[in-house]
There are 4 protein chains.
Amino acid sequence: MPHAGRPRSEQSRCRILQTALRLARTRGYANVTMDEIASEAGAGKQTIYRWWRSKAEVVLDALRENARVEIVIPDTGSLREDVAGFLSSTFDAQQRRTGMTRVLQAMMAEAQHDKDFADLFRDSFIEPRRETLRTLFARAHARGEVRTLDEVDLWIDVAFGVMWYRLLADVGPLDATLAEKLASLLSEASGAHPKGVTTAAKK
Amino acid sequence: MPHAGRPRSEQSRCRILQTALRLARTRGYANVTMDEIASEAGAGKQTIYRWWRSKAEVVLDALRENARVEIVIPDTGSLREDVAGFLSSTFDAQQRRTGMTRVLQAMMAEAQHDKDFADLFRDSFIEPRRETLRTLFARAHARGEVRTLDEVDLWIDVAFGVMWYRLLADVGPLDATLAEKLASLLSEASGAHPKGVTTAAKK
Amino acid sequence: MPHAGRPRSEQSRCRILQTALRLARTRGYANVTMDEIASEAGAGKQTIYRWWRSKAEVVLDALRENARVEIVIPDTGSLREDVAGFLSSTFDAQQRRTGMTRVLQAMMAEAQHDKDFADLFRDSFIEPRRETLRTLFARAHARGEVRTLDEVDLWIDVAFGVMWYRLLADVGPLDATLAEKLASLLSEASGAHPKGVTTAAKK
Amino acid sequence: MPHAGRPRSEQSRCRILQTALRLARTRGYANVTMDEIASEAGAGKQTIYRWWRSKAEVVLDALRENARVEIVIPDTGSLREDVAGFLSSTFDAQQRRTGMTRVLQAMMAEAQHDKDFADLFRDSFIEPRRETLRTLFARAHARGEVRTLDEVDLWIDVAFGVMWYRLLADVGPLDATLAEKLASLLSEASGAHPKGVTTAAKK
DNA sequence: ATCTAAACGAGACGGTACGTCAGGTCTTGGT
DNA sequence: ACCAAGACCTGACGTACCGTCTCGTTTAGAT
């Protein structure tokens, strides 16, 4: 059965998402209340709760809508360059827009005390980005640059682990230099042969 | 002039810390209220606020007091084994005591929306652990196992980055296997020659 | 435009007023907390603060709602009897219902350290009762029982002054005897000549 | 056995009383805390609680110490003038010193929710003043100005009732005019023969 | 053209926890 | 034993958000 009643207002949906992201970036996610979002978006609170389960889900949704086209998935023929490019682009996207870093931190924070959101966040944000990196390693494997994909999850953990660690614990910047270093580290780790043997050509 | 007035009650301090950590572990950090901590510790809420600025600071303090003796700093003569031992011990300490993982997640989450706490957390929790790892690398350098310490911060980022990433994003377990793999990765990356072999050409 | 949003809940309003008065009478105004009123009325604390500024205003409101029909305004044709009847009825209403005296004392006490409440109390409680008495004197003046209304405020002060003084300083009972004596005092003072006679003997 | 240990410090006692009254007058009784009194008096809180049971008792004590000499007990040979003089002096004492009115209001308010203080207040403040007025009526009776003292308590209630009523309910000023009017009313009621006629027996 | 039903704005509702404040008690070292 | 200082426990406060619940209004497709 196709119909019944008034259809969802696209205008409301957009205004809520835009307002949520704007407020989260300018005033800090934690300082923004649902009442504010509703009020600033000219929407009723119920309208928000009808379509999203929590403030976190609204902001995450806004984040995804917003970031849909920002990240580049490079294909240069070199694992090191691919990884460096992808990480560089990822870091950039976060730093460029003021307050975006804060929003990401808040998303991860929120995931810590909301199991439902944690699942959504992992499935719709964390995993897709892991998948992208996995693709880069798979391509490199196909090219023969990488001997085995057995440890690909560990390599991904290293890349994103360092990123999130710096982001969350504020122990260092996310810049092109870091992207380069991580790319080098991972391309070596994934292509080297530890036992001092021939090691063969690395590049 | 040495003092004035009634001295701080050591009993209260201990009971508050113990109660805070116990409640946080058993019922989840977010579900514990200041009123509960005060009440269960037989303390007044004001007494808590007199010495700590927030629930997070209380729990962090309890965490430090508690963890003072838990972590082993190994010295086996081998960087790989030292790192593996340290990480293993760190992971264990988190998994062994029920609920400890949750508390750590909550601490990191809290640091995301409380600047004051973030600073305290980094200085009194994050950095000391980095320092330990730094010591292991410095020893290995002194032994000649590591060629240069230029990238030691990156290696530390890798170790803790992966740990926190798995902890927070729930993308994999923190077990002995991971400790071993990270140790291998880092000892290789840092230029180690496990068995005194030629190391061959690295680049 | 008549409205917008959910209308105020009459049920909540009533339950809050009833609960407030009941608790104040049974347990003593000072021993009742806002949390208790809210909790017992099945209301949120915010709902109380949304419509009243303080506990005192809630109780006063309840008092007015409750006392709307209790006081008799007599019209016997004799000033002395009118005043005696009115005061008697007023005293009775306070003594009959257990705890009511205490509530009145508390209201007056509250007015002493809350300017806003003092104004409300005077305008909505004190003055209406003065007005009633003023009416009795005005009627008597119209009948020729009272020579002039110049000092009517003083007479009113005397009646209520003695009442409140005994109530607050606990220096004597509020009973029918007092009502009679005050009525006599005031009818004499105001120049009444009960039976149109030469003023002569009073009783 | 007369003594033991350090004697009570007269300096402390005075400073506490002075500070309490000063603060109560300048900032309003309700806005003053025990901590403030102690701190401003350079005393410990315990020192206050050692000698007084509550803030109200401290202030009342200060009030009595302060007012010891202020009130005149006139003896002019005329009841009307005696009463007018006494009330006038009483009203003046309250109005002259800024904030004193407020303190009296607060005392009476405090008596409403502290039974112990109520007793102390009545016995040491209310009753002595009643007694003074009683003396005036007794003298007048001895002079033959007053026929009987049967209703002296009512007359006293009228005088102080109007005073407190105006003070507490803010329904009129306490000035010389009021003192005169009350004196007239009471002297008439207590012995006068309003119409020059026989007036006959009152009861 | 009317009917029906869901979505909409507004905003009041029941709750939970917060951080603060004051009261009155207790515990130091010092007089 | 008294004192100043100040930490202690207790308990109420008024505020801030949460997520839910009415209201009357709007907006489409189905009748």
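Order of the sequence lines sets the chain letters (A, B, ...), proteins ahead of strands, with each chain counted from 1. Just so you know, these numbers come straight off a predicted model, no measurement behind them.
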Could you check how far [atom1] of [X] sits from [atom2] of [N], rounded to whole Å?
X	N	atom1	atom2	value
B:M34	E:dA17	CE	P	13 Å
A:E40	E:dG9	CD	P	15 Å
D:I37	F:dA4	CD1	P	14 Å
C:R27	F:dG11	CZ	C1'	13 Å

If you pin C:T33 and A:R6 to their nearest nucleotides in DNA chain F, which one's is more 5'? C:T33

Would you check if the side chain of B:K55 reaches a backbone N or O of B:V32 as a donor-acceptor pair within less than 3.5 Å? yes

When we call it a touch if two heavy atoms are under 4.0 Å apart, what does B:A43 touch: a base, just sugar-phosphate, or nothing? sugar-phosphate

Return whichever of C:G42 or C:D35 has its heavy-atom-nearest nucleotide of DNA chain E closer to the 5' end. C:G42

Could you tell me whether the side chain of A:I16 reaches within less than 4.5 Å of the side chain of A:W52, counting heavy atoms only? yes

Could you list by number each residue of residues 7-26 of chain C showing a heavy-atom separation from DNA chain E of less than 4.0 Å, or answer none if no residue does? C:R8, C:S9, C:S12

Using heavy atoms and a sub-4.0 Å distance, could you list which residues of residues 109-119 of chain A are near DNA chain E? By number, please. none

So, with a heavy-atom separation below 4.0 Å from DNA chain F, the residues of residues 45-58 of chain C are C:K45, C:Q46, C:Y49

Would A:R15 and A:E10 count as a salt bridge (Lys or Arg N to Asp or Glu O under 4.0 Å) here? Give the steps. CA-CA 9 Å; A:R15 278 209 306 232; A:E10 180 63 13; over 6 Å; no

Assess A:R8 against A:W51: is NZ or CZ under 6.0 Å from the centre of the six-membered ring, and within 45 degrees of the ring's axis? yes

Can you tell me how far the CE atom of D:M108 sits from the CD atom of D:Q105, to the nearest 0.5 Å? 10.5 Å

Separation between CZ (A:R122) and CG (B:D170), nearest 0.5 Å, reads 5.0 Å

Shortest non-hydrogen contact from A:S124 toward A:R64: CB-NH1, 3.3 Å

What I want to find out is whether A:R27 reaches A:E36 closely enough, with some N-O distance under 4.0 Å, to be called a salt bridge. yes

Could you check whether D:E40 pairs with D:R22 (Lys NZ or Arg NE/NH1/NH2 to Asp/Glu carboxylate O, under 4.0 Å)? yes

Other residues, nucleotides, ligands: >12 heavy atoms within 6.0 Å of D:R102 CZ: no

